[in-house]
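The basis for the numbers below is simple: all heavy atoms, side chains too, and nothing from hydrogens, waters or symmetry mates. Treat the numbers as computed from the prediction; the structure is a model and nothing was measured.
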Amino acid sequence: MLTRDWTAPWPLDLRRVLRPVRRGPNDPAFRIDRDGTFWRACRTPEGPGTLRLRQRGSVVHAAAWGEGAGWLLEGLPELLGAGDVPEEFVARHPAVAEAVRRSAGLRLARTGLVFEALVPSILEQKVLLEEAWRAWGYLLRRFGEPAPGPAESTRGLRVPPPPRVWALIPSWEWHRSGAEPVRARTIVGAARMADRLEADPSMERLTSLPGIGVWTAAEARQRALGDADAVSVGDYHLPRIVGRALCGRPVDDAGMLELLAPYAGHRHRVIRLLEVHGARAERRAPRLPVRDYRRF
């Protein structure tokens, strides 16, 4: 076990900062204990690793296990928002200014792991989040490995498989997970390009891969790179959230981008602020049922 104490030089809301990193309440790679301890299992460039975080005031007590322990502790400040620059942001709308006022501890996390962020983003394409989270959980439990660390504390935590394993998952296992062939093929294609994506995670490189559009690339960059400007164009809810907050009515993607134009460089930050403290998308229809492709 390696340890590190890090003092945040700003008010830190650990739960809000790390929320986008967690893929659903039953994510096998992420857990929050009842006492507020955070656990994260991941595959670093140096190998599997487990990170445990406990916050006491402004101090974060971190412990890490596995081959990737040193990498995880070295990247702790970046994970918790040290590379973010909200000080450069200027709120130009009362709703945004109010969200900023209420979000002193909110910063954008940066995991530094592009492929890890890309796979669940692909699974979340054009389906209900519950369906994507179910597939992510199944695939990690089936093809991941136990997280390193004390067995009594890390029980149930799984390290996501490496790209070579994702590329070899058989078709029937994708079917059992609930991921249809289109998303499976996209993940397999990305796995074969994983090294190049880690070296060049630009929007141009990501969207050059079959099956990966602007929405998926933005979702991955937001988490892996802490990209404050990556807008998830094509999202079902975001245009309505942004529109209602900034002009009092729902808008489409073009309208959303127009409203966000004055915030160039921080457009994703505005969306995060409005998601946390801004207007909610109005429910316009009954909630869609979660589909189970395993029955077909």
> Do the non-hydrogen side-chain atoms of Asp235 and Ile271 ever get within less than 4.5 Å of each other?
Replying inline: no

> Any donor and acceptor pair, going by atom type alone, linking the side chain of Ser202 with main-chain N or O of Arg205 inside 3.5 Å?
Replying inline: yes

> Are any side-chain N or O atoms of Glu173 and backbone N or O atoms of Leu139, one a donor and one an acceptor, separated by less than 3.5 Å?
Replying inline: no

>> What's the separation between atom CG in Leu113 and atom CH2 in Trp71, rounded to the nearest 0.5 Å?
In response: 4.0 Å

> Nearest heavy-atom pair of Val159 and Ala147: which atoms, and what distance?
Replying inline: CG2-CA, 3.8 Å

> How far does CG of Leu2 sit from CH2 of Trp65, to the nearest 0.5 angstrom?
Replying inline: 10.0 Å

> Does Arg221 reach the main-chain N or O of Ala230 with its side chain, forming a donor-acceptor pair under 3.5 Å?
Replying inline: no

> How about His61 and Asp5: does a side-chain donor come under 3.5 Å of a side-chain acceptor?
Replying inline: yes

>> For a quick test of reading the model, state the closest non-hydrogen atom pair linking Gln55 to Leu14 and the distance between them.
In response: OE1-CB, 3.2 Å

> Are Phe38 and Val21 side-chain neighbours, meaning at least one heavy-atom pair lies under 4.5 Å?
Replying inline: no

Name every donor-acceptor pair, under 3.5 Å, that has one atom in a side chain of residues 83-97 and the other anywhere in the protein, sequence neighbours excluded.
residue	atom	partner	partner atom	Å
Asp84	OD1	Arg269	NH1	3.2
Asp84	OD1	Arg269	NH2	2.7
Asp84	OD2	Leu108	N	3.0
Asp84	OD2	Arg269	NH1	2.9
Glu87	OE2	Arg107	NH1	3.4
Arg92	NE	Pro262	O	3.3
His93	ND1	Ala95	N	3.0
His93	NE2	Leu246	O	3.2

> Within the distance-only criterion (no hydrogens, no angle test), does the side chain of Asp13 pair as donor or acceptor with the backbone N or O of Leu106 below 3.5 angstrom?
Replying inline: no

> Looking at OG of Ser208 and CG of Leu197, how far apart are the two atoms once the value is rounded to the nearest 0.5 Å?
Replying inline: 7.5 Å

>> Testing the basics here: between Ala109 and Val17, what is the closest heavy-atom pair and its distance to 0.1 Å?
In response: CB-O, 3.6 Å

>> Could you measure the distance from the CZ atom of Arg142 to the CD1 atom of Ile169? Nearest 0.5 Å is fine.
In response: 9.5 Å

> Out of curiosity, Ile187 CD1 to Phe115 CZ, how far, rounded to the nearest 0.5 Å?
Replying inline: 7.5 Å

> Between Gln125 and Thr186, is any side-chain donor less than 3.5 angstrom from a side-chain acceptor?
Replying inline: no

> Just wondering, do Cys247 and Val242 contact through their side chains at under 4.5 Å, heavy atoms?
Replying inline: no

> Side-chain contact, heavy-atom cut-off 4.5 Å: Arg40 with Thr111?
Replying inline: yes

> Does a salt bridge link Arg223 with Glu116, judged by any charged N lying under 4.0 Å from a carboxylate O?
Replying inline: no

> Shortest non-hydrogen contact from Glu145 to Pro48?
Replying inline: OE2-CG, 3.6 Å

> Is there a donor-acceptor contact under 3.5 Å from the side chain of Arg183 to the main chain of Ile122?
Replying inline: no

> Does the side chain of Leu72 reach to within under 4.5 Å of the side chain of Leu79, using non-hydrogen atoms?
Replying inline: no

>> Looking at Arg134 and Glu131, is any side-chain nitrogen of the basic one under 4.0 Å from a carboxylate oxygen of the acidic one?
In response: no

>> Under the rule for salt bridge (charged side-chain N to carboxylate O under 4.0 Å, His left out), what residues qualify as partners of Arg31, not counting sequence neighbours?
In response: Asp33

> So, Trp166 side chain and Pro161 main chain: donor-acceptor pair closer than 3.5 Å or not?
Replying inline: yes

>> Show the nearest heavy-atom pair for residues Pro239 and Asp253, with the distance to one decimal.
In response: CG-OD1, 3.3 Å

>> Please find the pair of heavy atoms, one from Ala64 and one from Leu51, that lie closest to each other, and give the distance.
In response: CB-CD1, 4.3 Å

> Would a hydrophobic clustering, with Ile, Leu, Val, Met, Phe, Trp and Tyr connected at side-chain separations under 4.5 Å, put Trp215 with Leu123?
Replying inline: no

>> With a 3.5 Å distance limit and no angle check, can you tell me whether Thr154 reaches the backbone of Pro148 through a side-chain donor-acceptor pair?
In response: no

>> For the CG atom of Leu225 and the CD atom of Glu78, what is their distance to the nearest 0.5 Å?
In response: 10.5 Å

> Does the side chain of Glu124 come within less than 4.5 Å of Arg23's, by heavy atoms?
Replying inline: yes

>> I'd like to know if the side chain of Arg52 reaches the main chain of Ala63, judged simply by a donor and an acceptor atom lying under 3.5 Å from each other, with no hydrogens or angles considered.
In response: no

>> Can a donor-acceptor pair be found, under 3.5 Å and without considering hydrogens, that links the side chain of Arg141 to the backbone of Gly137?
In response: yes

